[in-house]
Amino acid sequence: MSSPQSTPHIAAKKGQIAERILLPGDPLRAKFIAENWLTDVQQVSQVRNMFAYTGKWKGEPVSVMGTGMGMPSIGIYAWELCEFYGVQKMLRVGSCGAYTDELKLLDLLLVTNTWTDSSFAQAHSGVALDTMAPTSALTNTIKTTAQELGTQLREGTVHTSDVFYHGPEFDFRNVYQEHQALAVEMEAFALFYTAAKFGREAGALLTVSDSLVSREALSTEAREKAFGPMIELALDAICKD
Ligand code: HPA
């Protein structure tokens, strides 16, 4: 029997995905990044419209692919990227909702730890794990690159949640107080967990798109404005070393 050319969820052939990859949640963001920042771009997958592209940033090969929303979705892609394509560095570029008024809309947050109330790790390997940190090498590179670029960065823990629309019983202030989670998103824990299983690097950079404190949310235009500096920082940082 011949070995498979691709995976159940990614149509790219082996070798068509770079060792470094940016992972936005939205596949149309992946397309936007590929078209606006990368050169020599080739679309390498469109299974389920979860577009993936490979191109170059300042001469270095880099890929970008959507992950979908939530840990089950990013868990599938991260696993296949590591296991089949041999990806070495994965950087999530996404958005988050602030749990504290110290974080303002448009702020850029570097994730230094995650706390989760999800059963992702339990379901995966029967372990009761509720925190996962990004790898320190990539995270430190993002910090030094931000200093070089003059990009303001906040740092801290995020809550990786399975739920976007919580019931009235859920009070985000408890998560903020008990776990020092500055913001909420839905993927980073699973990305870091999967990367750790393969001994690969992973990190996450998030733009604050809404606030659970003030109940404000960014307009679509404001989101796009915030997006540029985050992508440049992400590409410069992931292409170092
Ligand atoms: N909740 C969960 N994930 C998010 C949010 C939110 O409010 N904003 C951006 N990602």
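Both counts, for ligands and for their atoms, begin at 1 and track the order of listing.
- Judged by the shortest distance from any of its heavy atoms, Ser161 lies outside the 4.0 Å radius around the atoms of ligand 1.
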Let me check something: any side-chain donor-acceptor pairs from residues 81-94 under 3.5 Å, sequence neighbours excluded? List them with distances.
from, atom 1, to, atom 2, distance (Å)
Glu83, OE1, Trp79, NE1, 3.4
Tyr85, OH, Ile10, O, 3.2
Tyr85, OH, Ala12, O, 2.6
Gln88, NE2, Gly86, O, 3.0
Lys89, NZ, Lys240, O, 2.9
Arg92, NE, Glu185, OE1, 2.9
Arg92, NH1, Glu187, OE1, 3.4
Arg92, NH2, Glu185, OE1, 3.3
Arg92, NH2, Glu187, OE1, 2.9

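- Using bins of under 30°, 30° to 60° and over 60° for the plane-to-plane angle, the ring pair His124/Tyr193 lands in the perpendicular bin.
- Residue Ser209 approaches ligand 1 through these ligand atoms, each under 4.0 Å from one of its heavy atoms: 8 (N), 9 (C).
- Here the protein heavy atom with the shortest distance to atom 8 (N) of ligand 1 is Asp210 OD1, 2.7 Å.
- Scanning all protein heavy atoms for the shortest distance to atom 10 (N) of ligand 1 gives Ser95 O, 3.5 Å.
- With hydrogens and angles left out, the side-chain atoms of Tyr99 and Thr157 include no donor and acceptor closer than 3.5 Å.
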Which side-chain N or O atoms in residues 61-69 pair as donor and acceptor under 3.5 Å with protein atoms at least two apart or in another chain?
from, atom 1, to, atom 2, distance (Å)
Ser63, OG, Ala18, N, 2.8
Ser63, OG, Thr54, OG1, 2.7

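- The aromatic rings of Phe32 and Trp37 stand perpendicular to each other, their planes meeting at an angle above 60°, with 30° marking the opposite boundary.
- Proximity of Val184 to ligand 1, defined as any heavy-atom pair under 4.0 Å, is shared by backbone and side chain alike.
- Of the heavy atoms in Cys96, only backbone atoms (N, CA, C, O) come closer than 4.0 Å to ligand 1.
- For atom 2 (C) of ligand 1, the nearest protein heavy atom (residue, atom name, distance) is Phe164 CD1, 3.6 Å.
- Atoms of ligand 1 lying under 4.0 Å from at least one heavy atom of Gly97, given by number and element, are 5 (C), 7 (O), 8 (N), 9 (C).
- Nearest heavy-atom pair across Ala183 and Leu109 is CB-CD2, 4.0 Å.
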